[in-house]
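Below, each value reflects all heavy atoms present in this structure, side chains not excepted, and no hydrogens, waters or symmetry copies.
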Amino acid sequence: MPDKYDHQTIEKKWQQRWLKDKVFSVPNVPDHPGAPRHPSSDPSLSLRDSDPLTRGGRLRRGGSTYVLDMFPYPSGDGLHVGHPEGYTASDIVARYLRMNGKTVLHPMGWDAFGLPAENAAIQKGIHPRIVTEQNVKNFKRQIQSIGFSYDWDREINTTDPKYYKWTQWIFLQLIKKGLAYEKESPIWWCPKDKTGLANEEVVGGCCERCGTKVKRKMLRQWVLKITAYAERLLSGLVNLDWPESIKTLQRNWIGKSEGAEVRFKIKVEGFRVKDEEVSVFTTRPDTLFGATYLVLAPEHPLVDVITTKEQKKKVESYKIKVSSKSDLERTALEKEKTGVFTGAYAVNPVDNEKIPVWIADYVLMSYGTGAIMAVPAHDFRDYCFANKYKLKIRYVNDGVGLLFRKDFDVRKIMSKFEIEYKSKYGTEIQITFHGSFGVNYVIDNYITGNEYENGRIGHLLETTKLPVERGPYLLFLEGKYDRVINSEFLNGLSVADAWRQAIVWLENNKKGKYAINYKLRDWVFSRQRYWGEPIPLVKCGSCKIKVESTKWVLNFYEEPWRALQNGEKTVETRALNPDEPDRYFGDVKEGDVIKGVLKGTNEVMYLRVMKRHMLKNLEEFHERKDLLGKLRRNFSPTLGELKKFYALTLDYVERIQKNGLVAWEIEHVIPGIVPWEHLPLELPDVKKYEPTGTGESPLAGIKEWVNVKCPECGGPAKRETNTMPQWAGSCWYYIRFTDPHNEKAIASDEAMKTWLPVDLYVGGAEHAVLHLLYARFWHMVLYDVGAIPKECGDEPFVKLKNQGLILGPDGEKMSKSRGNVVNPDDIIAKYGADTLRMYEMFMGPFEDAKPWDTNGIVGVRRFLDRVYKLVSSLAQQLASGEVDGDTDEHRVHRYTKLLSEGIDNFRFNTCVSDFMKWMNEWSVGAVSKEELGVFLRLLSPFAPHIAEELWSRLGHKTFLAQESWPKYDPKLIIETNVTVAVQVMGKLRATITVPPGSDQDTVESAAKAELNVAKYLASKPKKVIFVRDKLINFVV
RNA sequence: GCCGCCGUGGUGGAAUGGCAGACACGCUGGACUCAAAAUCCAGUGAGGGAAACCUCAUGUCGGUUCGACUCCGACCGGCGGCACCA
């Protein structure tokens, strides 16, 4: 009697043996990367006349291949059954490639910095390091119990100083390349807990811990200039073998738009000495003639400058209303667009028409120039706004300028609605579209409107019944434009043409220029947390300049800001206000360094006060021509003009006249940011992990750590106390795996050349944008600074596969709070790791989301039980001298092909059913050792423990994991008989069995002989469709 | 609102222009057993028929085709992402 399949003993046994014999360890640089490391020890097992295997991973570097999983965050909850899905798939591929002679790098590690460990530390008073160590230990035990073929000699942990030394080193490369800068940036702030919150700690706009409504707080942050790489991050996507959906997500995230920047002069009536100018960004420069007003973002620095006295009150209160709105209110709830007229007018550069300038919160300061030209006839948002505030709507380019949403395929409309349009001038115009935003109401009318009933597409906006003004039909043509409609111009002119010609015109006439904008924003890199990599920088107090007195922050407008940046010494003034300490600038003295922030973009600059002048009132200031000339270049206003200049807010002039004015002569100074090169800069121990209450990191509270000697001059200096975000460590871990113990570099050139780029990267789609974009960015930077050899390329991950989510048994996302989390430990204890692995693969297509069903798992277990019983009874049979069973060569080669191709195509679910089908074809005691040997080799990537065990029962002394993959012979796969479907009028009436390759005549006569077919063939068929070896269809 | 993905038996799914429901779960019946579990065997989309067979059926409606789960269009439903990006 065969023994029982004891998964617990078997799995433990083989896991220990793999580990002990270092079966899956690879050297950093393999000696002979071309040769299979472990040639099959039993040549009789390779099937004869096999074609060389050419599928699978790319052959390069002589056969070294890198198969990588997204390493996990070791949470306190341990693994859930979702984790092993991707790990199993990559393990199958790694084992498969290894058996195909590749040297495979397949590592695992821990992304262990992060919030949960820190929160546990706060709650339980245990050091995050201890919490992390415990969690890693548990995760490792769980992962090892599933039998993955990882090279554990390469295990890495992002919280290990030996690892984060290099994370810090990379940050210094970014600093040195000018790719990191400081900026005032908002963070979530809980006013009750007095702490900054991470995005994931904000639930529904409230603090996760205490439920208080969160606020935005401006804080100095390190920011990485990922936007400098926007174009490369976008164009690099083309060559990547990634799911199209992920590429689309990244493209949308980067959000490139082409268009023009157009300069509008602003007339501020009797207000300013000098005209102001504002730039707008538009993707539709061809609609410039339809611009009937201008909109600035409420935060736009020019707003205060151009607003007229009459509108001041309204503008101010609108600005306050907008700034007090949280982001949630501004986006989700407030659908209705609002805005206020500034009283100023802009001049349209093409026709010198005066158009009103408004502010509205539907224009964002952070995109483009923070200002738009509004073309209500051609943009839905502008239309809504114009409609509400009764602004002029004018459409342009009769029939040409109609636009539709991005990627709107005009050919579909063309074929369906015969889009050729006969204008009233009798000229046929081909309409092509170059739109970039939705105008759904136009489309709706387009399709349903009466115009189509009459057989032509007419003036679509007329069918919308809007108060529309017909445009002057101005068209840009060959770098000029013409005001008079001329049918010849329209002939064949497309919007794309008009678009290009508009830009040519703007550039020729110096009114604007071609411009590109991206939605992508720079990456706010610092966190006010303890459990992260310390940022290795020091702010020097003596060798460069003091940056301590950051108590005073001055907001700047663009013009003086640029002057200061250019090294000019300028004058800056502020009204004094002793009643309000926050507004009393009198104690900013000569020699002090203050922080300047550029309005709108929040760039930070440090400024030293050279001289301070206390002035009683504007009359006294007006006398000081020397100061006025530096306030703005060549500024010599009359007293009245000066007063207007200070009419910034309603009471500003009043305040000056009452309390006086301070004027500083200031210059731009470079803050003493000195890289701390003694890496690693280790995290110091702190007593309290609670945030400080000021928004700073807990590190700020350790005086002895914060105060250091400047590494450059030895003078007193302060450390940067922010830490890096969790993304930092995971941005480059795949590089470290190639050479994890290197103390001289992130990895050796040789190791990187051997393994990079990653051939296959497997993980969840939730990392589609952030992780995968950040890692690509860092890789490109490291490539550019020469830290990664050119041979490796500037993309880290050649091929990406996403696993689908495994849902709880209730079909919902697994979560602790729902109580639907399935722990793999329980499954492994009851059914075994092999069953778990195979079931996870069997559940459904790898990339689809699918619910976990613990009842379904017994099917896989039954299958393995039967395999176990069959093989061990054959082993006994052979041991007792009985004869071997038969090998069905056709069957063996057919399944070898099916399973090899299944793995190549990530169709693991059908692989598992193919194993089941194959086994169902066996009868007990009649299968040969050879056939079972092939079966076990094919099964070994899926269920490695039981396969190893049975392999050894069949008398083999080698590790199955080091055997070669079976090859198949296509000739032996050809069937002896094929079943052909017989249809009449496309309906199945019979099936017949014929030799493969039978010609039409043979099949036709055999088919006609079928009673059930003849029945339907009363008359001679009109037509016969014949598909060799598949089908014959009679059309009657 | 926009972008992307997905709708097939009681359930997970298979078939990606050519025999719909492979494989598995569950269920029903049978064998073994004093009995149960386990195991093994048979059946299992719906309707009609004694049977051979026939009809219907892949979210809904329409189209292309000799033939559509598969391709095209519109709609409905579900999931994920983005959130006024000019």
Asker: How far does the P atom of B:G9 sit from the matching atom of B:A46, given to the nearest Å?
Answerer: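 It comes out at 12 Å once rounded to the nearest Å.
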Asker: Can you work out whether A:T910 or A:K917 has the more 5'-proximal nearest nucleotide on RNA chain B?
Answerer: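 Per heavy-atom nearest nucleotide, the more 5' residue is A:T910.
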Asker: Does B:C82 have OP1 or OP2 sitting under 4.0 Å from an N or O in the side chain of A:R251?
Answerer: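 For B:C82, OP1/OP2 do not have a side-chain N/O of A:R251 under 4.0 Å.
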Asker: Between the base of B:G80 and the side chain of A:E766, is there a donor-acceptor distance below 3.5 Å?
Answerer: no
Asker: If the P atom of B:U60 is compared with that of B:U65, how far apart are they to the nearest Å?
Answerer: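 Result for the P pair: 23 Å, nearest Å.
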Asker: Can you find a heavy atom in the side chain of A:K4 that is under 4.5 Å from one in the side chain of A:S872?
Answerer: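 They are not in contact (no side-chain heavy atoms under 4.5 Å apart), so the answer is no.
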Asker: Has the side chain of A:K519 got a donor or acceptor atom sitting under 3.5 Å from an opposite partner on the base of B:C82?
Answerer: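 A donor-acceptor contact between them is absent.
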Asker: Tell me whether the side-chain N/O atoms of A:R862 come closer than 4.0 Å to OP1 or OP2 in B:A24.
Answerer: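 For B:A24, neither OP1 nor OP2 has a side-chain N or O of A:R862 closer than 4.0 Å.
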Asker: Please tell me if A:R861 has a side-chain N or O lying less than 4.0 Å from either OP1 or OP2 of B:A24.
Answerer: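 A:R861 to B:A24 OP1/OP2: no side-chain N or O under 4.0 Å.
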Asker: Taking the C1' atom in each of B:A68 and B:G63, what is the distance between them to the nearest angstrom?
Answerer: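 So the two C1' atoms sit 11 Å from each other.
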Asker: Look at all strands and tell whether A:R866 reaches a base, only sugar-phosphate, or nothing, counting heavy atoms closer than 4.0 Å.
Answerer: sugar-phosphate
Asker: OP1 or OP2 of B:U39 less than 4.0 angstrom from a side-chain nitrogen or oxygen of A:Y868, does that happen here?
Answerer: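 Answer is no, no contact under 4.0 Å.
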Asker: Distance check: side-chain N/O of A:K869 vs OP1/OP2 of B:A38, anything under 4.0 Å?
Answerer: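 No.
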Asker: Are the charged groups of A:E231 and A:K256 less than 4.0 angstrom apart, N to O?
Answerer: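 Judged by the 4.0 Å cut-off on N to carboxylate O distance, A:E231 and A:K256 do form a salt bridge.
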Asker: For B:U64 and B:G17, measure between their C1' atoms and round to the nearest Å.
Answerer: 12 Å
Asker: Is there a side-chain polar atom (N or O) of A:R907 under 4.0 Å from OP1 or OP2 of B:A15?
Answerer: yes
